Asker: 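So that we are looking at the same thing, I have put the structure below in structure tokens.
No experiment lies behind these values; they were computed from the predicted model shown. Chain letters run A, B, ... following the sequence lines, proteins first and then strands; every chain starts at 1.
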Protein chains: 2
Amino acid sequence: MAVMKYSRQREAIKEYLSQTIEHPTADTVYMNIRKQYPNISLGTVYRNLNLLAEQGEILKINCRDGSDRFDGNPNPHYHFICNGCGRVFDLEMESIDHINVIAGEHFKGNIEGHITFFYGSCPDCNQ
Amino acid sequence: MAVMKYSRQREAIKEYLSQTIEHPTADTVYMNIRKQYPNISLGTVYRNLNLLAEQGEILKINCRDGSDRFDGNPNPHYHFICNGCGRVFDLEMESIDHINVIAGEHFKGNIEGHITFFYGSCPDCNQ
DNA sequence: TTTGATGCAAATGTTTTGCATGCAA
DNA sequence: TTGCATGCAAAACATTTGCATCAAA
């Protein structure tokens, strides 16, 4: 892969993601970066989000409510998606990597990992 | 919800899904049903797949490799997605519902369930 | 005869891409 | 200067939808 050159747009995207607790969609990122760089294009936002995710600097979350979401915290962690408001929350929880072993007990392939997200109602939507 | 009327197209879709071990995309279902009903439209396939999934007669799998996949086995079970060939396998494994409890230990919302899929290399792609 | 289901095509929503230009190294 | 990054617009994809017609009940 070619070396990445510095770009102020990419920095702005990284900065924005690192300081929000939301898990914004590409479009939300676009809307916010536009406040600072009105001429930035959606294509550039997508290109940089994908680049950063590939480099492991951010996480791409496929929560499948239509569009992908992005998380400025690159450390592996689990997510909770609220059925009520649709917001995505980070979960602090102990490792559940042992489920890979359980999954592999009757399977002849090689299980390398899992993707899990939890759903239900968040504190605000709960009753 | 209005009562469903019989339709031979829907029956054919259900029949096709129940007798394949693949986890076809909507487009693959379309291609196959067309052998029997050359005039069926992709819109009808999508409408019926969504209907059947809502009724709990089939499963819709969001494995996020581009398009959704469908499974004729409506009983909850876990899936394995091969990083090599992209195929989706059913996993026979014991329940891991306890991870809902683990996830809820430090979270104030109500965790109702989880979606998990495993990945790695399948027996064919493994070495 | 009533009303859900269909085929067709157009529309939608998200993401990617081609290309000329801009800018970092 | 070299070549990655950008802005713009068009394209690519998967999926949904409006509508006139068809067919189950």
Asker: Can you measure A:Lys5 atom NZ to D:dC4 atom C1' for me and round it to whole angstrom units?
Answerer: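 In whole Å, D:dC4 C1' lies 4 Å from A:Lys5 NZ.
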Asker: Could you tell me the separation between the OH atom of B:Tyr37 and the P atom of C:dC8, rounded to a whole number of Å?
Answerer: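 Going from OH in B:Tyr37 over to P in C:dC8 covers 15 Å.
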Asker: For C:dG4, does the base pair up with any side-chain atom of B:Arg47 as donor and acceptor (N or O, under 3.5 Å, distance only)?
Answerer: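 Such a pair does not exist between side chain and base.
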Asker: Measure the distance from CG on B:Asp27 to C1' on D:dT15 and round it to the nearest whole Å.
Answerer: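 In whole Å, D:dT15 C1' and B:Asp27 CG are 11 Å from each other.
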Asker: OP1, OP2 of D:dA23 versus side-chain N and O of B:Gln9: anything below 4.0 Å?
Answerer: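 B:Gln9 to D:dA23 OP1/OP2: no side-chain N or O under 4.0 Å.
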Asker: State which of D:dC8, C:dT15, D:dT15 makes the closest approach to the side chain of A:Asn39.
Answerer: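 Side chain of A:Asn39 sits closest to D:dC8.
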Asker: If you compare every side-chain N and O of A:Asn50 against the phosphate oxygens of C:dT15 (OP1, OP2), does one of them come in below 4.0 Å?
Answerer: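 For C:dT15, OP1/OP2 do not have a side-chain N/O of A:Asn50 under 4.0 Å.
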Asker: Apply ring-ring contact (aromatic ring centres under 6.0 Å, His included) to A:Phe107 and B:Phe80, showing your working.
Answerer: CA-CA 9 Å; A:Phe107 183 66; B:Phe80 173 90; 4.5 Å; yes
Asker: Is the phosphate of C:dA24, meaning OP1 or OP2, less than 4.0 Å from a side-chain N or O of A:Tyr6?
Answerer: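 Negative; the distance criterion is not met.
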Asker: Looking at A:Lys14 and A:Glu11, is any side-chain nitrogen of the basic one under 4.0 Å from a carboxylate oxygen of the acidic one?
Answerer: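 A salt bridge links A:Glu11 with A:Lys14.
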Asker: Can you tell me how far C1' of D:dC22 sits from CZ of B:Arg10, to the nearest Å?
Answerer: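 Taking CZ of B:Arg10 and C1' of D:dC22, I get 14 Å after rounding.
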Asker: Rounded to whole angstrom units, what separation is found between the CZ atom of B:Phe70 and the P atom of D:dA14?
Answerer: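 Distance, rounded to whole Å: 13 Å.
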Asker: Check whether any side-chain nitrogen or oxygen of A:Ser7 sits under 4.0 Å from OP1 or OP2 of D:dT6, and answer yes or no.
Answerer: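 So the side-chain polar atoms of A:Ser7 do come within 4.0 Å of the phosphate oxygens OP1 or OP2 of D:dT6, strictly under.
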Asker: Distance check needed: D:dT17 P versus B:Leu42 CG, whole Å only.
Answerer: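 Atom-to-atom, B:Leu42 to D:dT17, this comes out as 14 Å.
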Asker: For B:His98 and A:His98, I'd like to know if the aromatic rings sit close, meaning centre-to-centre distance below 6.0 Å.
Answerer: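 Centroid distance B:His98-A:His98: below 6.0 Å, so yes.
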Asker: Please name the pair of heavy atoms, one in A:Asn126 and one in B:Lys108, separated by the smallest distance, quoted to 0.1 Å.
Answerer: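 Minimum heavy-atom contact is ND2-O, 4.4 Å.
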Asker: Could you state the OH-P distance from B:Tyr46 to C:dA5, rounded to the nearest angstrom?
Answerer: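 Answer to the nearest Å: 19 Å.
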Asker: Specify the separation, in whole Å, of atom CD1 of B:Ile40 and atom P of C:dA9.
Answerer: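 Going from CD1 in B:Ile40 over to P in C:dA9 covers 16 Å.
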